[in-house]
Amino acid sequence: MSSREFNRSLKDLKKVASGIRPDPAWVSRTRSAIVMRARKDLVEREAISTARYFFPSALVAAVRGPAMALASVVLVILGGSIASVRAAENSLPGDLLYPVKIAAEQTQIIFAKTDTDKLSLKAEFVGRRVDEMKVIAASDTPEKDSRIKQAAEGLKRDLDTVKNQLHDVASDAPPAQVAEAAKLIDQKSAELAVALKDVKTGMSDSAKTTVTEAEVAASSAGVRAVQVLISTHNVPEVKEMMSDAELLSVIQNRIHGMETGITDATQKILDTNGTSTEKNLMIGSATGTLSVPKTATTSTKESFDQITSARTTLAETKQLVAENNLGALSDKLSEAAKAVATVEKTAEELTAAPPVCVECAPKPLESNATSSPSVMSSSTNPEPSAAPVQATSTAPPK
Amino acid sequence: MPQLIDQFLLYRIRTKRDAEAFGRLYDRYAAAIYRFVFHKVSSPEKAEDITSETFLKSWEYLLNNAEVRNVRALFYQVARNRVIDSYRKKTVAAFSIDEAVTSSPDDASTEVEGGVELGQRDVSDHSRGKDRIEAQADAALLLKRMSGLKEDFQDVLTLRLVEGLGFAEIAKILDKTTGNVRVMFHRALKALEELK
């Protein structure tokens with residue numbers, strides 16, 4: 001870079017640097033937490049100065065204990081924020097007090113001592129978001145879908161943060177702590193994936209899409225957790241905490257989750273194609289390839305390509321597990337998770353807007369899984385195969 | 001003028017017990033402090049944590065200390081100390097600054113009081129023609145290179161060139177004289193130019 005270019009670049013520095021901006025959602029959450037804390041502190045000050053007015057210093061010296069107790073009582077009475085937080089504990093997305101609940105959580109995170117503590121708290125709060133979604137899903141509120149959508153968006157955001165922070169913590173904190181946090185996140189993300197699937201039943205398509213995004217984020221955070229567990233597994237303290245067999249089980253569970261994801265997504269794609277799929281589709285073979293129907297639309301063909309690709313990647317992942325090649329497995333897991341996420345998103349999109357096929361007469365799908373032995377991706381129709389990938393497996397791995 | 005607004009908000013906090021006034025101070029400086037911290041830690045999550053801590057620590061300071069002449073300088077000072085603390089605790093993981101500059105999150109632009117805009121990461125809007133793009137690419141490269149400079153040099157360049165602060169204010173933040181800061185700025189520029 002010449003001096004002239006250097007000087008010109010300096011002028012642009014401000015413009016370029018201004019591109020670095022915090023996440024607006026984080027800015028807003030932190031603001032609520034900080035203002036709440038400020039409000040609480042100011043109320044405390046007010047209470048203490050009031051107490052001093054009524055109890056001069058000589059008297060205070062004599063009755064300091066009771067005075068402090070009284071001040072505490074005053075504080076609790078005046079501290080509307082404390083009452084608000086209590087009241088907000090059971091609030092749900094869309095409720096008036098819900099931002100208070102989020103701000104209270106944010107405050108807890110800010111005051112956590114270590115980064116791993118912060119991460120564990122975040123993982124715990126992520127669980128709360130799912131509980132909220134369950135409560136809303138079970139309720140009869142008129143804005144059910146929009147509230148679930150709001151909760152799912154928050155959940156996705158939190159899961160992305162958890163995933164990124166796990167990466168940061170992994171490079172900074174002691175390996176045993178990191179592994180502990182990763183284990184928790186793996187466990188939570190697996191629970192989340194199951195819970196989110198249940199929540200989706202009976203929801204509108206747009207809300208389902210948002211929940212699917214949250215599912216993908218959960219899977220992605222889980223894969224990151226498994227990667228961290230793999231990378232720290234050579235450390236003796238971590239080995240004491242988690243045996244080789246346990247790690248293998250964690251990896252297999254993760255792969256099983258992805259297989260279930262592909263199976264479900266494939267079934268959805270089949271459903272959107274009606275009878276034509278029954279006649280023409282040949283899904284599942286030893287190599288995990290698909291035969292695309294002649295009448296399939298472009299979007300359907302693309303989705304079949306995605307399924308094939310995802311299954312191939314998953315087969316490679318399983319192969320690496322069999323070879324105990326943990327080094328290469330880490331990257332392959334991530335690749336497989338991305339491929340499965342793509343299939344799941346496509347399935348959701350196709351379900352929301354099914355492809356139009358003029359040659360296909362709409363027909364109920366119950367025959368898909370039973371009448372056609374060639375359609376193997378149905379969870380109800382497991383087909384024995386020597387293939388490395390069996391998208392039909394529904395039993396949890398040991 | 002900006003300092004006048006800060007002083008007014010400080011007055012509201014102290015005399016009117018107005019917690020929202022601190023919220024407005026946060027609105028004014030959250031993005032700038034985040035950016036300042038991000039240049040040093042190069043991790044969005046860590047920058048978020050340190051920025052939150054900065055405002056909480058500053059709040060405690062404002063609450064307990066009588067005289068604060070320059071609120072903005074206080075925020076930067078606290079942020080700088082928090083970053084140093086985090087360096088002491090651990091080595092920060094590497095993160096590409098390019099990624100942060102060019103990545104595009106769901107960019108709903110949010111106008112916040114005091115002229116702090118949030119949510120606009122896309123720098124391509126500014127580019128007009130090939131020269132502009134090249135100049136901005138060079139600027140991004142310079143930003144990246146800045147992390148190779150020593151801490152004080154990074155601070156003085158960021159505060160001056162990115163945040164546009166005056167030498168007197170930078171001197172307050174870095175706890176040095178104005179003359180010192182001027183000299184340091186020119187040395188930092190030279191060091192940056194030589195880092196090719």
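Just so it is clear: chains get the letters A, B, ... in the order the sequence lines come, proteins before strands, and each one is counted from 1.
Taking CD of B/Glu45 as the start and CG of A/Asp160 as the end, the distance is 9.5 Å to the nearest 0.5 Å. Separating the CZ atom in B/Phe22 from the CD1 atom in A/Ile34 is a distance of 6.0 Å, to the nearest 0.5 Å. A distance of 11.5 Å separates CG of A/Asp41 from CG of B/Leu62, quoted to the nearest 0.5 Å.
Across every non-hydrogen atom of A/Trp26 and B/Ser52, the tightest pair is CZ2-OG, 3.5 Å. Shortest non-hydrogen contact noted between B/Arg35 and A/Ile20 is CD-O, 3.7 Å. Across all their heavy atoms, A/Val35 and B/Ala19 have their closest contact at O-CB, 3.9 Å.
With respect to B/Glu48 and A/Lys122, no salt bridge is recorded, no charged nitrogen being found less than 4.0 Å from a carboxylate O. With respect to A/Arg37 and B/Glu60, a salt bridge is recorded, a charged nitrogen being found less than 4.0 Å from a carboxylate O. Salt-bridge annotation for A/Arg31 and B/Glu20: present, with a side-chain N of the basic residue lying under 4.0 Å from a carboxylate O of the acidic one.
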Decide yes or no on side chain to side chain contact (heavy atoms under 4.5 Å, CB included) for B/Leu63 and A/Leu42, but give the supporting numbers first. CA-CA 9 Å; B/Leu63 204 62; A/Leu42 289 171; 3.9 Å; yes

Please lay out, stage by stage, how A/Thr30 and B/Thr51 fare under the test side chain to side chain contact (heavy atoms under 4.5 Å, CB included). CA-CA 9 Å; A/Thr30 308; B/Thr51 307; over 6 Å; no

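Under a 3.5 Å cut-off, the side chain of B/Tyr26 and the backbone N or O of A/Val27 do form a donor-acceptor pair.
When the shell of 6.0 Å around CZ of A/Arg128 is examined, it contains more than 12 heavy atoms from other residues, nucleotides or ligands.
Both the backbone and the side chain of B/Leu189 come within less than 4.5 Å of a heavy atom of chain A.
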